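First the structure, in the form of structure tokens, and then the observations on it.
Below, chains carry the letters A, B, ... as their sequence lines are ordered, and counting in each starts from 1. Small disclaimer: the values here were computed from a predicted structure and weren't measured.
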Amino acid sequence: MTRRTKIKALLESEQTDIEVLVKGWVRTFRNNQFIALNDGSTNHNLQVVVDFENTNPAKLKRLTTGAAISVSGTLVASLGKGQKVEVKAKEIDILGDCDAETYPIQPKKHSLEFLRENAHLRFRTNTFGAVFRVRNTLAYAIHQFFQERGFVYLHTPIITASDAEGAGETFHVTNFDLNRIPKTDDGEINYEEDFFGRATNLTVSGQLEGELGALALSDIYTFGPTFRAENSNTTRHVAEFWMIEPEMAFYDLNDNMDLAEALLKYVIKYALEKNADDIEFLTQRLLDEEKQKPQQARSEMNLVEKLNFCLDKDFERLTYTEAIDILKESTPNKKKKFQYPIEGWGTDLQSEHERYLVEKHFKKPVILTDYPKQIKAFYMRQNDDGKTVRAMDILFPGIGEMVGGSQREERLDKLEQRMDEMGISKEELWWYLDTRRFGTCPHAGFGLGFERLIMFVTGMGNIRDVIPFPRYPKNAEF
RNA sequence: UCCUGAGUAGCUCAGCCGGUUAGAGCAUCUGACUGUUAAUCAGAGGGUCGCUGGUUCGAGCCCAGCCUCAGGAGCCA
């Protein structure tokens, strides 16, 4: 009894003329003779050669696209071109039939929109097979990066009572019978009767809890799901996404930037090595897509080149103020090409401005620092100028903000003053303020959007295509 | 949420100025072929034109509302 071998291993096998057992799903069945078999272990298919003259015709009929089969036979050097090895089948078992009339995935090019509606089956396509293998590699690489550096993987809560950060709309978590919500005498919802005895929601960030860990364990990171109830309908937003949030004691903003840049380069390099085939396929896919576009709309670099370029170059670091100066002097601003002209110092940059800086001016990832305090969160460390905070955003071509972070305000008086100014309750965040009361120290951290990272590495243009089952307004299918 | 565009066969799309029986490629089915590479060749079947209402002798096409999708914007990761 031979053990099952995965297709990836067979295609890399040095040996031939050995007995093998393979299992997988039929991609196509050509010429009544050749099965292209895929089991998800690699982007490449294994060719199985059927002795059709000595096989029951009824069984041949069942070798349809999508059917699950088991094949025992001999791995031999291929007689045909296009593959090194193939399996000469001795016996084929149909494990699961697949009705060709009703199976949605056909051996042809499907639109990403169609496959999104069939997200339960899209793993079976070359594109999504590649995307989700890359996703897996990136997740692993992130853990490896932090583990190599002695970071502690910390699980911050999914259900939380704090939304003090103001990082957007939250999903409420409740046990109430929604048809009979308990009210207080003055008609307000009585959360005291709810499961936790107070209003709770799904986390929008693990940062505040992460800081608590860092101020004892030194270096921690979180890697988990995050939820935002924003009514966002874009290629860069989903309601449920995964975020990596490291938090480091005794780091200043420069250390923070160094770490973020090192992390991004590490995981991109890791994926390029580990998933070379998949990224090569995705590169080709994008090239084919670009052939539809006019010459000038095509990108200068292909996907692999873009990733390597990113590894070779230092990210451009500049302050918000410097960025504003560049934008003010820029051709599109002078020619009034920006929908939002650069008025002056103090307002947040629009997408078009970020795109200009990253895609036109510097043509590489850009780290912007020291933003005006009024457009940033309360916990960011205030600079001596009284106007700016030690924030940093890492902007990527085609993606926008990939990382957002800052050095944290460790001085209790400064922090409390800022909370008062911004109307944030010091009573609710008593535990956060305690870290500043007892052994406070400089520290910093950032949040990395995992899906946005995957978008960059795979070249996929829509965030809904890099998470298995995307959640977005009006959609929670599967 | 706002702006723009789209919704026609299983999929991708064409459908003229409102006019007779709504088309193509791929997929599927039937047959042929048998070292193919999204195989090829011949033939066949397949439609609530997103939904509701309106204008008209007549609506896939015009109008209104709604739904869904895509791209862009805002919010952000």
Short N-O contact, A:Glu421 and A:Arg418, less than 4.0 angstrom: yes

When we call it a touch if two heavy atoms are under 4.0 Å apart, what does A:Phe241 touch: a base, just sugar-phosphate, or nothing?
base

Item to check | Spacing of the C1' atoms in B:C29 and B:G10 (rounded, Å) | outcome: 13 Å

With A:Met455 as partner, the option from A:Ile463, A:Asp465, A:Asn462, A:Val131 fulfilling side-chain contact (heavy atoms from CB on, under 4.5 Å) is A:Ile463

Integer angstrom distance from the P of B:G23 to that of B:C66 = 34 Å

**Prompt:** C1' atom, B:C26 versus B:G46: distance in rounded Å?
**Reply:** 14 Å

Quiz item: Base, sugar-phosphate, or nothing: which does A:Val238 touch, judged by heavy atoms less than 4.0 Å apart?
Solution: base

Winner on side-chain proximity to A:Arg228, out of B:U12, B:C29, B:C76, is B:C76

So that I can tick it off, tell me whether A:Lys90 and A:Glu19 are bridged by a salt bridge, with the cut-off set at under 4.0 angstrom between side-chain N and carboxylate O. yes

Atom CD of A:Glu117 and atom C1' of B:G7 are separated, to the nearest Å, by 11 Å

Scanning all shown strands, the Watson-Crick or wobble mate of B:U68 with both distances under 3.5 Å is B:A6

Between A:Pro473 and A:His110, whichever has its closest RNA chain B nucleotide further toward 5' is A:His110

Sorted by position of nearest nucleotide on RNA chain B, 5' first, the leading residue of A:Asn475 and A:Lys376 is A:Asn475

message: What I want to find out is whether A:Arg135 reaches A:Glu451 closely enough, with some N-O distance under 4.0 Å, to be called a salt bridge.
response: yes

Does A:Arg30 have a side-chain nitrogen or oxygen under 4.0 Å from the phosphate oxygens OP1 or OP2 of B:A39?
yes

To the nearest angstrom, the CD1-P distance between A:Ile399 and B:C76 comes to 18 Å

Answer for the Watson-Crick or wobble partner of B:A39, both distances under 3.5 Å, is none

| message | With a 6.0 Å cut-off on the ring centroids, do A:Tyr221 and A:Tyr153 count as close? | response | yes

For B:U1, the nucleotide meeting Watson-Crick or G-U wobble distances (both under 3.5 Å) is B:A73

Atom NZ of A:Lys108 and atom C1' of B:U37 are separated, to the nearest Å, by 19 Å

Here the distance between atom P of B:U40 and atom CG of A:Asn32, to the nearest Å, is 15 Å

Are A:Tyr340 and A:His353, when compared by the centres of their aromatic rings, separated by less than 6.0 Å? no

Item to complete: Determine whether the aromatic ring centres of A:Phe315 and A:Phe396 lie less than 6.0 Å apart.
Response: yes

A:Ile105 CD1 to B:C11 P, in whole Å, measures 11 Å

note: A:Lys109, atom NZ; B:A38, atom P; distance rounded to Å ~ 14 Å

Using the ring centroid of each side chain, check whether A:Phe469 and A:Phe123 are separated by less than 6.0 Å. yes

_Whole-angstrom distance between B:G71 and B:G15, as gauged at atom C1'_ = 25 Å

Classify the side chain of A:Gln83 versus the base of B:U36 as yes if they form a donor-acceptor pair under 3.5 Å and no if they do not. yes

Atom CZ of A:Phe114 and atom P of B:A70 are separated, to the nearest Å, by 14 Å

Could you tell me how far B:U12 sits from B:U28 if I compare only their C1' atoms? Round to whole Å. 16 Å

Next on the checklist: Using the P atom as the point on both nucleotides, what is the distance between B:G7 and B:C61, in whole Å?
Outcome noted: 11 Å

Query raised in the report: Hey, is the side chain of A:Gln106 pairing donor to acceptor with the base of B:G10 inside 3.5 Å?
Result: yes

Rounded to whole Å, the CG-C1' distance (A:Asp51 to B:G35) equals 13 Å

Of the candidates B:C69, B:C76, B:U34, the side chain of A:Arg452 sits closest to B:C76

Tested for ring pair (Phe, Tyr, Trp, His ring centres under 6.0 Å) against A:Phe151, the lone hit among A:Phe223, A:Tyr251, A:Phe146 is A:Phe146

Do any side-chain nitrogens or oxygens of A:Lys61 fall under 4.0 Å of OP1 or OP2 in B:U30? yes

query = With under 30° as parallel and over 60° as perpendicular, where do the rings of A:Tyr320 and A:Trp345 fit, or are they tilted in between?
reply = perpendicular

Partner of B:C13 under the Watson-Crick or G-U wobble criteria, both distances under 3.5 Å, comes out as B:G23

As its Watson-Crick or G-U partner within any shown strand, both distances under 3.5 Å, B:C62 has B:G54

### Query
What does A:Glu86 touch in the nucleic acid at a heavy-atom separation under 4.0 angstrom: a base, only the sugar-phosphate, or nothing?
base

Exercise for the section: Write down the distance separating the P atoms in B:A32 and B:A70, rounded off to the nearest Å. Expected result: 45 Å

Please tabulate, one pair per line, each protein N/O and nucleotide N/O from nucleotides 71-74 of chain B that are separated by under 3.5 Å, including the distance.
residue, atom, partner, partner atom, Å
B:G71, OP1, A:Asn462, ND2, 3.3
B:G71, OP2, A:Asn462, ND2, 3.2
B:G72, OP2, A:Thr235, OG1, 3.3
B:A73, N6, A:Asn233, O, 3.4
B:G74, OP1, A:Gln350, OE1, 2.5
B:G74, OP1, A:Ser351, N, 3.2
B:G74, OP2, A:Ser351, OG, 2.7
B:G74, N2, A:Asn231, O, 3.4

**Study point:** Whole-Å P distance, B:U52 and B:A59
**Key:** 15 Å

